[in-house]
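Treat the numbers as computed from the prediction; the structure is a model and nothing was measured.
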Amino acid sequence: GNRLINNHFDNRIPNPKERSEDMIDCSKIVEIAAQLLEGSDMYVVDCTCNNANEVELIIDSDTSVAIDACVELSHAINEQFDRDVEDFSLMVASAGIGSPLKVYRQYQKLIGRPVEVLLACGTKILATMTEATPESITLSYGEKQAVEGKKRKQLVTVVNSYPLTEVKWTKEYLDYK
């Protein structure tokens with residue numbers, strides 16, 4: 001709301017410089033978090049900040065992220081800031097199950113696992129990710145195809161590579177059956 005800005009700036013119209021210094025710098029938080037996580041199996045996936053200075057830092061792990069790890073990281077990051085100068089709220093969370101992959105290291109973790117992929121053209125594929133590079137993913141899935149000498153279509157395993165530029169999102173596929 002506007003009311004907050006007006007009170008905060010003593011009813012002066014904020015000039016852009018003044019306002020930008022008031023917002024927390026996400027890259028600073030990512031840098032600190034990356035340093036703190038170095039040597040562990042955890043890493044930064046994403047960091048967002050809104051106008052209310054609410055920062056959400058998303059981390060993931062090559063294994064799994066414990067809630068304690070999120071709490072510890074949050075405290076450690078907060079200690080790096082002078083809270084009288086930089087007023088922001090920080091939430092550290094692990095990448096949610098079923099949320100789209102954002103960094104290459106997440107793709108590596110899912111090699112050999114079932115994934116759901118939405119291509120930019122609108123096609124959705126359920127497959128096993130057999131390979132991942134920073135540029136592309138390779139998927140293996142069953143597809144019914146006409147086979148010579150057979151009346152009915154047969155299930156054939158297809159292996160295709162997709163450049164990440166053609167992939168809208170990739171998620172871990174969880175079968176709740």
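Nearest approach of Ile111 to Thr130, heavy atoms of both residues: CG2-O, 3.6 Å. Considering all non-hydrogen atoms of both residues, Ala95 and Gln106 come closest at CB-NE2, 3.8 Å. A pairwise comparison of heavy atoms in Cys47 and Ile29 identifies SG-CG2, 4.3 Å as the closest pair. Here the closest heavy-atom approach between residue Ser40 and residue Arg105 is recorded as O-NH2, 3.9 Å. When all heavy atoms of Lys171 and Gly98 are compared, the pair lying nearest together is CD-O, 3.1 Å. Scanning all heavy atoms of the two residues, the minimum distance from Ser61 to Met42 falls at CB-CG, 3.7 Å.
For the pair Thr133 and Ser136, the minimum side-chain heavy-atom distance is below 4.5 Å. Looking only at side-chain heavy atoms (C-beta outward), Val167 and Trp169 stay at 4.5 Å or farther from each other.
The CG atom of Leu90 sits 10.0 Å away from atom SG of Cys49, with the distance rounded to the nearest 0.5 Å. Put simply, OH on Tyr107 and CD on Glu131 are 14.5 Å apart, with the number rounded to the nearest 0.5 Å. In this structure, the separation between OG1 on Thr48 and CE on Met91 is 8.0 Å, given to the nearest 0.5 Å.
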Quiz: residues 112-129 side-chain donor-acceptor pairs under 3.5 angstrom, not counting sequence neighbours:
unit_1, atom_1, unit_2, atom_2, d
Arg113, NH2, Glu172, OE2, 2.4
Glu116, OE2, Lys124, NZ, 3.2

Which pairs would a plain distance check flag for residues 64-82, meaning a side-chain donor or acceptor within less than 3.5 Å of a matching protein atom at least two apart in sequence or in another chain?
unit_1, atom_1, unit_2, atom_2, d
Asn78, OD1, Arg83, NH1, 2.6
Asn78, ND2, Ser74, O, 3.1
Asp82, OD1, Asp84, N, 3.0

Listed pairs under 3.5 Å, donor-acceptor, residues 30-37 side chains, sequence neighbours left out:
none

Can you give each donor-acceptor pair under 3.5 Å made by side-chain atoms of residues 155-166, sequence neighbours left out, with the distance rounded to 0.1 Å?
unit_1, atom_1, unit_2, atom_2, d
Asn160, ND2, Tyr141, OH, 3.1
Ser161, OG, Thr138, OG1, 2.7
Tyr162, OH, Tyr141, OH, 3.0

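When the salt bridge (Lys or Arg N to Asp or Glu O under 4.0 Å) test is applied to Asp46, the partners found at least two apart in sequence or on another chain are Lys102. Judged as a side-chain hydrogen bond (donor to acceptor under 3.5 Å, both in side chains), and not counting sequence neighbours, Ser140 has no contacts.
A chain of hydrophobic side-chain contacts below 4.5 Å, direct or via other Ile, Leu, Val, Met, Phe, Trp or Tyr residues, connects Phe88 to Val44. If you chain together hydrophobic residues whose side chains sit under 4.5 Å apart, Val45 and Val92 never meet in one group.
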